[in-house]
K.L.:
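Got a structure for you, written out below as structure tokens; questions coming shortly.
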Amino acid sequence: MPTHSAYDFAAVQKKWNEKWETLGLARAEDFSKKPKKYALVELPYPSAAGLHMGHCWNYTLFDAYSRFYRLRGYNVLYPMGWDSFGLPTYNHAVKVGRDPHEVSTENVQIFKRQLKELGLGFDWEREIDTSSPEYYRWTQWIFIQMYEHWYDSNFARRDGGIGQARPISDLPIPAEIKKAGLKAIKAYQDNFRLAFKAKMPVAWCPKCKTGLANEEVLGDNTHERCGTVVEERELEQWMLRITAYAERLLADLDTVDFPNGVKAAQRNWIGKKTGVNITYQIVTDKNEEVGSITCFTTRPDTNFGATFVVVAPENPVLKTIASYMDKETLLAVEEYKKKAQSKTKLEREAEGKKKTGVATGLYCLNQLTGTKMPLCVSDFVLMDFGTGAVVGVPGHDKRDFQFAEVMGLPVIRVVKNEDGDISEITSLSQVQEAKGTMINSGFLDGLDIHEATKVITDYLEEKGWGKKITMYKFHDWVFSRQHYWGEPTPMVYCEDCGWNPVPMKELPVTLPKLDDYKMGEDGSSPLEKATSWIAAKCPNCQKDAKRETDVMPNWAGSNWYYLRYLDPHNKEKLVDFNIAKYWMPLDIYYGGQEHVTLHLLYSRFVYKFLYDLGSVPGAEPYQMRRNHGIILGPDNRKMSKSWGNVVNPDQVVEKFGADAVRLYMMFIGPYDSVTPWSEKSVIGVARFVARLHKNLSSKIRMVKDASGEVGNGDTVGLGKLKNKIAYDVENLKFNTVVSSLMEFFNKNEKANWTEKNIEQFLILISPFTPYLAEELWESLGKTGSVHAQSLEIQEESGQGVEIVEIPVMVNGKVRARLSVSIDEQEQKVVDVAMTITEIKKFLPDGHKKVVYVPGKAVNFVG
RNA sequence: GGGCAGGUGGUGGAAUGGCAGACACGGAAGACUCAAAAUCUUCUGCGGGUUACCCCCGCGUGAGGGUUCGACUCCCUCUCUGCCCACCA
């Protein structure tokens with residue numbers, strides 16, 4: 001029931017939803033001569049629960065944005081699609097015993113209905129669905145391209161940069177490999193392919209029964225989707241060599257307009273560090289040499305203070321020296337290994353304070369000092385960073401100090417603090433990590449630590465003890481999932497020929513329908529039971545072979561979807577190059593903070609790869625990125641079923657009308673804020689919509705009765721309002737768009753409006769309240785849709801003399817106001833200002849100075 | 001531990017270095033009504049003065065300093081909150 005007026009918004013919405021369906025108002029035109037604008041919101045994951053408020057918020061803001069730019073004469077592309085592969089749909093389908101294809105199709109229908117009922121004008125002719133074979137054919141194509149390319153980091157690129165993906169056939173093969181035959185050549189090539197298979201320890205979710213990428217495992221060691229504590233398993237997995245693109249992913253961040261936080265997060269995620277790999281010989285207590293260990297360090301300057309070496313329990317070096325360790329020690333190492341693999345966040349935090357470890361009984365030789373450093377094992381050293389081994393400098397690294405304390409290892413000071421302190425280091429608080437000059441360090445003594453780092457690095461390289469190295473924190477991307485609802489990996493395994501890609505003309509490899517979609521109890525994919533689907537011919541020798549049963553992760557389809565909107569029905573190519581050239585890069589990409597290191601980084605990688613292939617026109621897909629905020633529940637907590645504070649979009653649209661909900665989405669706060677839903681505030685904008693309807697309806701009646709002659713045109717500032725809103729929309733300040741509209745209407749509600757004023761006002765509000773504007777446009781007797789009009793915005797310049805009211809201040813305190821022409825002479829303004837009674841009252845007898853800023857302020861200083 | 005973003009009324013939030021608190025919610029009073037809802041009108045940062053009224057004065061954007069004729073805005077120090085990453089060598 002509408003509660004605020006006689007405005008029957010439900011009927012109006014129904015009427016226009018039906019009419020708009022056929023008009024194609026949001027159609028974007030390839031190669032149009034109008035300026036293009038490609039605005040993208042992250043495509044949703046369609047779930048049975050329907051849209052949540054966050055979707056409504058994001059999509060409404062950019063619907064308004066798109067409509068506004070269309071009115072301003074832009075060729076706007078604002079598309080929508082479905083990221084429909086993924087675990088939630090699969091899990092839901094299995095739970096209710098149905099085919100995920102059907103469940104997914106139904107969910108899409110729910111979403112589409114809801115989007116339309118909010119008046120969101122997407123270009124539906126470009127709709128895509130990542131789980132449709134026509135779409136994932138190209139996801140598979142990208143995978144095969146990666147398989148058939150390697151990264152030549154010395155290749156001179158056409159844009160002047162260094163490093164490019166090249167066909168695997170261009171990979172130089174060493175002579176001895178060539179001699180060894182085809183199998184050896186293939187094995188060699190496999191080491192360089194951008195998509196390759198490798199045995200990897202992989203996080204395994206026992207609930208979802210699938211392997212996960214590191215990125216899908218949260219800090220507390222749980223699966224981000226279901227919250228289950230993950231285990232670790234070794235599996236043969238497809239990997240994508242994203243690390244090959246690390247430098248370009250870093251460097252090109254400078255060329256795009258992303259928020260600082262996003263750039264910082266990506267840099268941090270890539271985690272580039274330069275340092276030195278130092279190799280130490282491992283010796284027994286009888287100085288028998290039994291092996292060697294390489295440690296990565298960013299602080300070689302402190303190496304004179306090194307007193308021990310610690311390796312991760314998983315470090316393979318331990319196997320090679322196992323025969324020199326006693327049984328007890330080996331058992332202890334095994335314990336640490338298990339612990340390292342199943343630690344929760346709480347356990348890690350507890351151990352952050354107290355470290356434990358075990359000494360192997362072996363030693364590493366510090367060539368600098370000639371001392372024997374005990375070789376220890378501890379789980380505070382991580383296998384997946386650096387070399388999985390650390391040289392311990394307890395005097396100048398807090399973790400090393402804690403470890404030394406527990407293990408009773410010596411602490412040597414090699415850096416003099418800035419305050420000159422050179423006392424013995426006996427407590428954690430004395431451990432100085434960042435500043436100082438070298439002491440007790442032979443030829444380094446007296447050098448600043450940064451200078452010392454350079455000197456020692458060169459020295460170590462010269463001696464052959466160490467090697468300068470650049471390290472990255474992130475890893476190649478595990479691209480296999482052991483479940484059903486994803487893109488089949490288009491690879492076939494032949495006993496004789498090994499892995500080969502499915503020929504292009506046979507794509508897509510479609511996901512087979514099954515009788516039973518449940519996971520096997522051992523965690524095997526239901527696809528493994530699809531024997532007739534698995535059976536394939538080897539693309540190379542035509543013998544019987546088997547399909548890959550692992551599917552791709554849910555990021556696979558969403559990595560490149562924005563390209564398919566450009567050319568969604570192309571059967572020959574992923575996207576036509578010239579169409580891509582017209583639309584790319586995206587003008588703005590609006591999405592969630594949670595995607596900045598996953599989707600946003602990986603999709604940049606995929607785009608760069610496609611750029612190397614010559615399939616797309618530029619090196620970066622997103623010219624501008626903005627992150628959306630979060631709408632909390634009315635109780636200021638994150639909306640969640642468990643709190644019972646979820647606000648349902650359907651219900652609020654029914655209660656307040658789509659226009660009011662849209663306006664509230666704009667009005668709720670800055671586009672990137674975290675702010676609670678407040679039904680009280682919805683009432684405010686609903687009142688405004690009702691007032692607009694009532695008041696403008698009667699104005700329209702008056703104008704029509706008097707044949708357009710009644711208005712005397714005393715509307716104040718419609719031109720200024722247009723400029724203000726244009727500025728606000730450009731800067732995504734949607735909340736002040738609404739307040740400006742309210743302010744204008746409050747001022748002019750009772751004025752007489754000319755027909756022209758009403759017309760212009762309706763066009764102006766149409767992006768924000770599309771139904772109301774269209775309805776009133778019709779009752780004004782206008783032909784065509786209000787959304788197909790153009791909005792004239794006058795530039796500020798050339799308007800003649802502008803009068804502004806400026807504050808007149810005495811000693812910085814406002815005492816009066818004064819209306820002046822913006823280009824009035826200073827002396828004249830000051831003279832007038834001095835005659836104001838208020839000013840005379842406060843002006844000291846002999847004021848020293850007057851500051852006049854034209855159009856801004858006058859300030860008398862005493 | 002690192003990174004990023006913030007701190008403005010009772011609430012959500014406005015403010016290219018130039019009138020702090022726009023706009024809205026909530027609240028108060030009044031109009032309409034048998035009454036209520038809805039709607040409309042006026043007031044609403046804090047403290048004080050004059051309080052018959054117009055008004056007048058002081059204080060105020062997390063704290064402290066700095067730059068400036070002038071600072072919510074720029075700089076420094078500190079503090080608190082939120083988010084992200086984190087035994088990253």
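Quick note on labels: first sequence line is chain A, next is B, and so on, each numbered from 1.
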K.L.:
Excluding sequence neighbours, so at least two apart, what forms salt bridge (Lys or Arg N to Asp or Glu O under 4.0 Å) with A/K468?
P.N.:
none
K.L.:
Aromatic contact between A/F768 and A/F734, with the criterion being ring centroids under 6.0 Å apart: yes or no?
P.N.:
no
K.L.:
How does protein contact run along nucleotides 66-72 of chain B, one letter per nucleotide 5' to 3', with B for base contact, S for sugar-phosphate only, - for none, heavy atoms under 4.0 Å?
P.N.:
---BS--
K.L.:
For B/G27 and B/G82, measure between their C1' atoms and round to the nearest Å.
P.N.:
30 Å
K.L.:
Determine the contact category for A/K273: base if any of its heavy atoms lies under 4.0 Å from a base atom, sugar-phosphate if only primed atoms, P, OP1 or OP2 are that close, otherwise nothing.
P.N.:
sugar-phosphate
K.L.:
Looking for any heavy atom pair under 4.0 Å, which part of the strands does A/K263 touch: base, sugar-phosphate only, or nothing?
P.N.:
nothing
K.L.:
From B/A24, B/G18, B/G13, pick the nucleotide closest to the side chain of A/P670?
P.N.:
B/G13
K.L.:
What is the per-nucleotide protein-contact pattern of nucleotides 2-10 of chain B, from the 5' end, where B denotes a base atom under 4.0 Å from a protein heavy atom, S denotes such proximity for sugar-phosphate atoms only, and - denotes neither?
P.N.:
-SSS-----
K.L.:
Output one letter per nucleotide in nucleotides 25-33 of chain B: B when a protein non-hydrogen atom lies under 4.0 Å from the base, S when only the sugar-phosphate is that close, - when neither is.
P.N.:
SS-------
K.L.:
Checking all strands, does A/F667 fall into the base, sugar-phosphate, or nothing category for heavy-atom contacts under 4.0 angstrom?
P.N.:
base
K.L.:
Does B/A22 have its OP1 or OP2 closer than 4.0 Å to a side-chain nitrogen or oxygen of A/N735?
P.N.:
no
K.L.:
Just to be sure I understand the rule, does A/D400 reach a base, reach only the sugar-phosphate, or reach nothing, if contact means heavy atoms closer than 4.0 Å?
P.N.:
nothing
K.L.:
Once you apply a heavy-atom cut-off of 4.0 Å, does A/V393 come out as touching a base, just sugar-phosphate, or nothing?
P.N.:
nothing
K.L.:
List in numerical order all residues of residues 626-639 of chain A for which some heavy atom is under 4.0 Å away from an atom belonging to RNA chain B.
P.N.:
none
K.L.:
Stem list for RNA chain B, please, built from Watson-Crick and G-U wobble pairs under 3.5 Å and keeping only runs of at least 3.
P.N.:
B:1-7 with B:79-85, B:10-12 with B:23-25, B:26-31 with B:39-44, B:45-49 with B:55-59, B:62-66 with B:74-78
K.L.:
Do A/F403 and A/F380 have ring centroids that are under 6.0 Å from one another?
P.N.:
yes
K.L.:
Compute whether any side-chain donor of one residue and acceptor of the other, for A/R413 and A/Q430, lie under 3.5 angstrom apart.
P.N.:
no
K.L.:
Taking only N and O in the side chain of A/K750, is any of them less than 4.0 Å away from OP1 or OP2 of B/U41?
P.N.:
yes
K.L.:
Determine the interatomic distance between C1' on B/G60 and the same-named atom on B/A37; round to the nearest Å.
P.N.:
40 Å
K.L.:
Syn or anti for B/G9? Use the chi torsion, O4'-C1'-N9-C4 for purines and O4'-C1'-N1-C2 for pyrimidines, with syn inside 90° of 0.
P.N.:
syn
